[in-house]
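Accompanying notes for the structure given below.
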2 protein chains.
Amino acid sequence: MAASRRPTLADVAREVGVSAKTVSRVLNEDGPASARTREQVLAAVARLGFQPNLMARNIRVGGPDTTIGLVIPDLANPFFGAVARAIEDTVGERGLTLLMGSSADDAGRERALTDKFLARRVSILMIVPSVGADHSHLKSHRAAGLPVVFLDRPGVGLSTDSIVSSNRAGAHDGVAHLVAHGHRRIGFIGDLPVKLYTRRERLAGYRTALQEAGLSYDRSLVANAHDQQGAATATAGLLGLADPPTALFAGNNMVALGLVAELARSNRKDIAVVAFDDVPLAEALEPALTVVAQDPEEIGRAAAATALSRLDGDRSRARTITVPTRLIVRGSAERPAPALQEA
Amino acid sequence: MAASRRPTLADVAREVGVSAKTVSRVLNEDGPASARTREQVLAAVARLGFQPNLMARNIRVGGPDTTIGLVIPDLANPFFGAVARAIEDTVGERGLTLLMGSSADDAGRERALTDKFLARRVSILMIVPSVGADHSHLKSHRAAGLPVVFLDRPGVGLSTDSIVSSNRAGAHDGVAHLVAHGHRRIGFIGDLPVKLYTRRERLAGYRTALQEAGLSYDRSLVANAHDQQGAATATAGLLGLADPPTALFAGNNMVALGLVAELARSNRKDIAVVAFDDVPLAEALEPALTVVAQDPEEIGRAAAATALSRLDGDRSRARTITVPTRLIVRGSAERPAPALQEA
DNA sequence: ATGAAAGCGCTAACAC
DNA sequence: GTGTTAGCGCTTTCAT
């Protein structure tokens, strides 16, 4: 079958015997139109299955497109999925549609995605910045009125709104909780790369908590992993040390999954655990997993609300919103530390 | 600061002292251009920060936009997140960008989203159909060459490609596994609404497995839930029956989370479980959770591959691709059934 | 209440 | 190698 051309405004106009502009008026409820004309137009639209070309409209009107560009590291990571849903819910009321892409935490892919989004004249740009990415090329866009929001991590080379979790305080609280249960050798498995903002912040919180407890920072207790498999390996590595930790802190949700899986596999019930970011079934584990929960819904909601207020003309200084984390005590930190060997 | 207009092709042309078409040629590597001109153009482009307006280009070229529209029930559901990632990976090689939206399993929202996508002239439309949605309005679009693919469930009123899991066989295998371990009273907690395709298929598989074992179908052992909380309630309800089940089958990932959480909360280690769709940490539970795993990556990949082949002119009959599920035995079905009370 | 013409930013089809 | 003209589908502006 021949691929029949999609009907245009002109087709509808011809069908009814009016001008294109009249059809446009009816459809956009712009200017006046007689009841009879309106009826006929609407009928023809339905008959032909006409759908206005939004791109053509946008071209002519000149304003930004009714889309919002969102760059996240991984569409399949539930944390970012939850953030995305909250964003969609909030901007959806304004009729904005989500244009999404995964950067895989690669600066080049992130740049390619943002460029694509800019070429589409998105009305808002939201980015989870990758390590090594520079955002100074966005200065002119922001100056021209494009709201740009950084999510989860601050961006580099551009002063604009950022929404982050209370990484440092959260990690501190989690580690302090382990300390309170008597642990003195606490391992830390962070995200990769090590320059990642969240990794550094959470490590800083870990170090502060150790310091407050008078514990020295032992580099050999710090490991890194970017996925579940790597976290399992890192866990096994730490537990295989000559002087192994009695407790472990997981730096993010993926690390938590690998870490907990490895402890289960090796049947190490004697290791205390706290994880940063909540995971499903945390409460069904034995013992139930104590976590420093993030609030992805609030991160997404705050990001969207901030961007919308910018869109509405808010020209105040760039702000950084820190969304609080919350320690959820479930039991996995309560394995008592073994009695000290020395003295 | 004044929102300065974004530079256009004409601006670049003026800056260099050439015609707009020449700039266009350089940028698209269309026709020839002297090395000197090319250089000057590129320099001006960089200087002005020019980015071609993709919408304007598309209007003129007339073809579909380089976007793919994807309607899923919930951006935050990890199953659909994994599907989306696989789609993005596959179509990304063709330079297509993802336009996404959540339908919340509502036919009206689904329709609003698809209409938006059509108005944007997406080159591919992928939909997880909601119960009650009719898709006959897409007939003309598909006839005009727009690839339409249904994901996870078949659509209604339109004959086109669909990608689904082997729901019936998978559920059958899971339930048969419970039967093999001696269970004769097996509860089923399915998704809502009850007319949902996957719910019905999986229930059918459950019934077949019972039948094969010579077990009668007991309506009181079938419950429903759409979220984790509801699944927990349903679980408690089934276990509170006068003649309660000794084993439970969870109809999807969300149900599985609620069901397992409830069993943990009420400390019911005596209940055997198999879940449809894998969940994180399944192997770390005690006992580890046996599941009928779906393959979201393959679903996404197959959907994208099918759509791309349509885009390349494949006009063969609509196909339904069934992606196999896989029973992953981990232990939660191995709680022996109690000895029969009677006879 | 409706229409004609011009133009948004870009490229196809011809010039030269 | 480069420029000119026309036109994609729509809306703005100005008529009538």
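Residue numbers start from 1 in every chain, and the chains themselves are labelled A, B, ... in the order their sequence lines are given, proteins ahead of strands.
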Nearest-neighbour nucleotide for the [X] side chain, [options] considered:
{"X": "B/Asn53", "options": "D/dT11, D/dG3, C/dC10", "result": "C/dC10"}
{"X": "B/Ser19", "options": "D/dC10, D/dT4, C/dC10", "result": "D/dT4"}
{"X": "B/Thr8", "options": "C/dC8, D/dT2, C/dC10", "result": "C/dC10"}
{"X": "A/Phe50", "options": "D/dC10, D/dT12, C/dG9", "result": "D/dC10"}
{"X": "B/Leu9", "options": "D/dT12, C/dC10, C/dG9", "result": "C/dC10"}

Rounding to an integer number of Å, can you tell me how far [X] [atom1] sits from [N] [atom2]?
{"X": "A/Arg57", "N": "D/dG9", "atom1": "CZ", "atom2": "C1'", "value": "12 Å"}
{"X": "B/Arg14", "N": "C/dC10", "atom1": "CZ", "atom2": "C1'", "value": "15 Å"}
{"X": "B/Arg5", "N": "C/dG9", "atom1": "CZ", "atom2": "C1'", "value": "10 Å"}
{"X": "B/Asp30", "N": "C/dT11", "atom1": "CG", "atom2": "P", "value": "9 Å"}
{"X": "A/Arg121", "N": "C/dG9", "atom1": "CZ", "atom2": "C1'", "value": "9 Å"}
{"X": "A/Lys21", "N": "C/dC8", "atom1": "NZ", "atom2": "C1'", "value": "14 Å"}
{"X": "A/Ile59", "N": "D/dT12", "atom1": "CD1", "atom2": "P", "value": "14 Å"}
{"X": "A/Met55", "N": "D/dC10", "atom1": "CE", "atom2": "P", "value": "10 Å"}

Side-chain N,O ([X]) to OP1/OP2 ([N]) below 4.0 Å:
{"X": "A/Asn58", "N": "C/dC8", "value": "no"}
{"X": "B/Thr37", "N": "D/dT2", "value": "yes"}
{"X": "A/Thr22", "N": "C/dT2", "value": "no"}

Testing the basics here: between A/Phe150 and A/Thr160, what is the closest heavy-atom pair and its distance to 0.1 Å?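 The answer is CE1-CG2, 3.4 Å.
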Can you see which heavy atom on A/Ala318 is nearest to which on A/Asp161, and at what distance?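 Minimum heavy-atom separation between A/Ala318 and A/Asp161: CA-OD1, 3.5 Å.
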Taking the nucleotide of DNA chain C with the closest heavy atom to each, which residue, A/Pro32 or B/Arg25, is nearer the 5' end?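 Closer to the 5' end of DNA chain C: A/Pro32.
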Any N or O donor-acceptor pair under 3.5 Å from the base of C/dG7 to the side chain of A/Arg60?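 Indeed there is one.
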Does a side chain donor of either [X] or [Y] reach within less than 3.5 Å of an acceptor in the other side chain?
{"X": "A/Ser309", "Y": "A/Thr306", "value": "no"}
{"X": "B/Thr22", "Y": "B/Ser19", "value": "yes"}
{"X": "B/Gln51", "Y": "A/His137", "value": "no"}

B/Val61 vs B/Ser34, nearer the 5' end of DNA chain D by closest nucleotide: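 Nearer the 5' end of the strand: B/Ser34.
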